[in-house]
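Along the sequence shown, residues are numbered consecutively beginning with 1.
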Amino acid sequence: MDYSPRHGRILSLLAEKGTIGVNALAALLDVSVETVRRDVKALAGRGEIVRMHGSIGLPSVVSEAPFERRMRENREAKEAIAALAAASIRDGESVMLDTGTTTSFLARALLDHRRLTVVTNSSDIARTLATVNGNKVYMAGGELRSDSGAALGFSAIEFVSRFSVDHAIISAGAINVASGVMDYDLEEAQFGQTVLARGRRRVVVTDSSKFGQKGLVRVCALADFDELIANRMPPADLTQALQAADVSLRICS
């Protein structure tokens, strides 16, 4: 099928990023939103892309499970964050990880480590790190979520509460000055809160798209963790609030 150069560029960007908002796509292509909407209409009419609420994606991506789709979003940033976080963990140490795309990338970044003790509620993380390099992996029990493969609820919280670890690391659904770290799911927020309470070092990992966003449920205040690892510096007001809360900032170079 013949495409204009811009249509080909749109398809290439979708193959790279998974899904893209219409406004973000207009900025990437340096054209107006109206122009992008005309392109989207043409490509959607041929079945090459699928339109969603304010964004577009390739049909193969849209049909993915939600967790798989989120793994594709901001992948480069998440992989850089994961590499930086992994470099701060030594062989033989203990790590507790919640379920999340960034923590799943962290599990992959830890594959060269040896003799780790890993506690998690994520079946993806458990599968990644179990049975390699002498690791011990403890998986929280309970009903697994179909979208993320995570165990949540009372049983999962009770299980991880038995452990004390060197590094407690959670991902963030949103982070802002007023509310601190937030999530969009009550049980995930409760689990993340418990994870942070079990670590001698308490870390939040997040890409910059979460800065200034408002979630539905509060996980913790800014003063309730020690370190933030991100791909970019937060906005000035959030940076000041984090520094006032004595949170160390580690930014990917």
Side-chain angles (χ1 to χ4, degrees), residues 17-19 52 57-79 81-83 85-86 89 94-113 116-133 135-163 165 167-174 181-199 203-207 209-210 215-217 219 229:
K17 298 179 179 296
T19 60
M52 297 169 284
L58 296 175
S60 59
V61 173
V62 174
S63 65
E64 289 177 331
F67 186 79
E68 293 172 345
R69 196 180 311 150
R70 293 197 300 272
M71 287 288 285
R72 293 170 60 96
E73 296 171 353
N74 299 320
R75 178 169 184 151
E76 185 176 339
K78 292 173 182 177
E79 287 178 333
I81 293 165
I89 298 169
S94 54
V95 188
M96 188 179 292
L97 302 170
D98 74 345
T99 185
T101 55
T102 307
T103 46
S104 281
F105 279 118
L106 174 54
R108 289 153 174 76
L110 288 170
L111 280 171
D112 289 334
H113 284 57
L116 294 175
T117 299
V118 180
V119 184
T120 186
N121 69 326
S122 165
S123 59
D124 177 76
I125 292 172
R127 285 194 306 267
T128 299
L129 292 173
T131 72
V132 296
N133 296 338
N135 294 334
K136 291 182 180 179
V137 176
Y138 296 90
M139 170 78 190
E143 182 180 0
L144 295 183
R145 290 278 183 90
S146 60
D147 61 338
S148 63
L152 293 165
F154 174 79
S155 296
I157 288 175
E158 192 276 334
F159 178 82
V160 299
S161 294
R162 303 175 189 177
F163 295 85
V165 296
H167 309 273
I169 304 177
I170 69 167
S171 53
V181 178
M182 303 193 75
D183 211 316
Y184 298 93
D185 180 277
L186 175 60
E187 289 187 327
E188 289 187 11
Q190 291 172 330
F191 188 85
Q193 186 179 58
T194 303
V195 169
L196 287 180
R198 307 313 303 164
V203 183
V204 173
V205 292
T206 185
D207 67 85
S209 68
K210 311 299 174 56
L216 181 64
V217 186
V219 178
I229 302 178

Kindly give the heavy-atom pair with the smallest separation between [X] and [Y], and that separation in Å.
{"X": "Gly142", "Y": "Ser155", "answer": "CA-CB, 4.4 Å"}
{"X": "Gly199", "Y": "Ala168", "answer": "CA-CB, 3.6 Å"}
{"X": "Gly215", "Y": "Ala174", "answer": "N-CB, 3.6 Å"}
{"X": "Ala82", "Y": "Ala109", "answer": "O-CB, 3.7 Å"}
{"X": "Val181", "Y": "Val204", "answer": "CG2-CG2, 4.1 Å"}
{"X": "Ala151", "Y": "Gly141", "answer": "CB-O, 3.5 Å"}

For residues [X] and [Y], determine if any side-chain heavy atom of one lies less than 4.5 Å from a side-chain heavy atom of the other.
{"X": "His113", "Y": "Asn133", "result": "no"}
{"X": "Met139", "Y": "Leu144", "result": "yes"}
{"X": "Ile169", "Y": "Ile89", "result": "yes"}
{"X": "Phe191", "Y": "Ile170", "result": "no"}
{"X": "Val217", "Y": "Glu187", "result": "no"}
{"X": "Ile125", "Y": "Thr99", "result": "no"}
{"X": "Val195", "Y": "Arg198", "result": "no"}
{"X": "Thr102", "Y": "Thr206", "result": "no"}

Would you say [X]'s side chain and [Y]'s backbone share a donor-acceptor pair under 3.5 angstrom?
{"X": "Thr103", "Y": "Asp98", "result": "yes"}
{"X": "Asn135", "Y": "Leu129", "result": "yes"}
{"X": "Thr120", "Y": "Leu97", "result": "yes"}

Please evaluate residues Ser171 and Thr101 with respect to the criterion side chain to side chain contact (heavy atoms under 4.5 Å, CB included), reporting the C-alpha separation (whole Å), side-chain torsions for both, the decisive distance (0.1 Å), and the verdict. CA-CA 8 Å; Ser171 53; Thr101 55; over 6 Å; no

CA sep, side-chain torsions, deciding dist, call: Tyr138, Thr117, side chain to side chain contact (heavy atoms under 4.5 Å, CB included): CA-CA 8 Å; Tyr138 296 90; Thr117 299; 3.8 Å; yes

Above 12 or not: heavy atoms from other molecules or residues under 6.0 Å from CD of Glu143? no

Looking at Asp124 and Arg108, does any basic side-chain N land under 4.0 Å from a carboxylate oxygen? yes

Just verifying a value: how many Å separate [X] [atom1] and [Y] [atom2], rounded to the nearest 0.5 Å?
{"X": "Gln193", "Y": "Asp183", "atom1": "CD", "atom2": "CG", "value": "11.5 Å"}
{"X": "Leu196", "Y": "Met96", "atom1": "CG", "atom2": "CE", "value": "10.0 Å"}
{"X": "Thr128", "Y": "Phe105", "atom1": "OG1", "atom2": "CZ", "value": "10.5 Å"}

Could you verify whether a donor N or O on one side chain and an acceptor N or O on the other, from Asp207 and Ser209, lie under 3.5 Å apart? yes

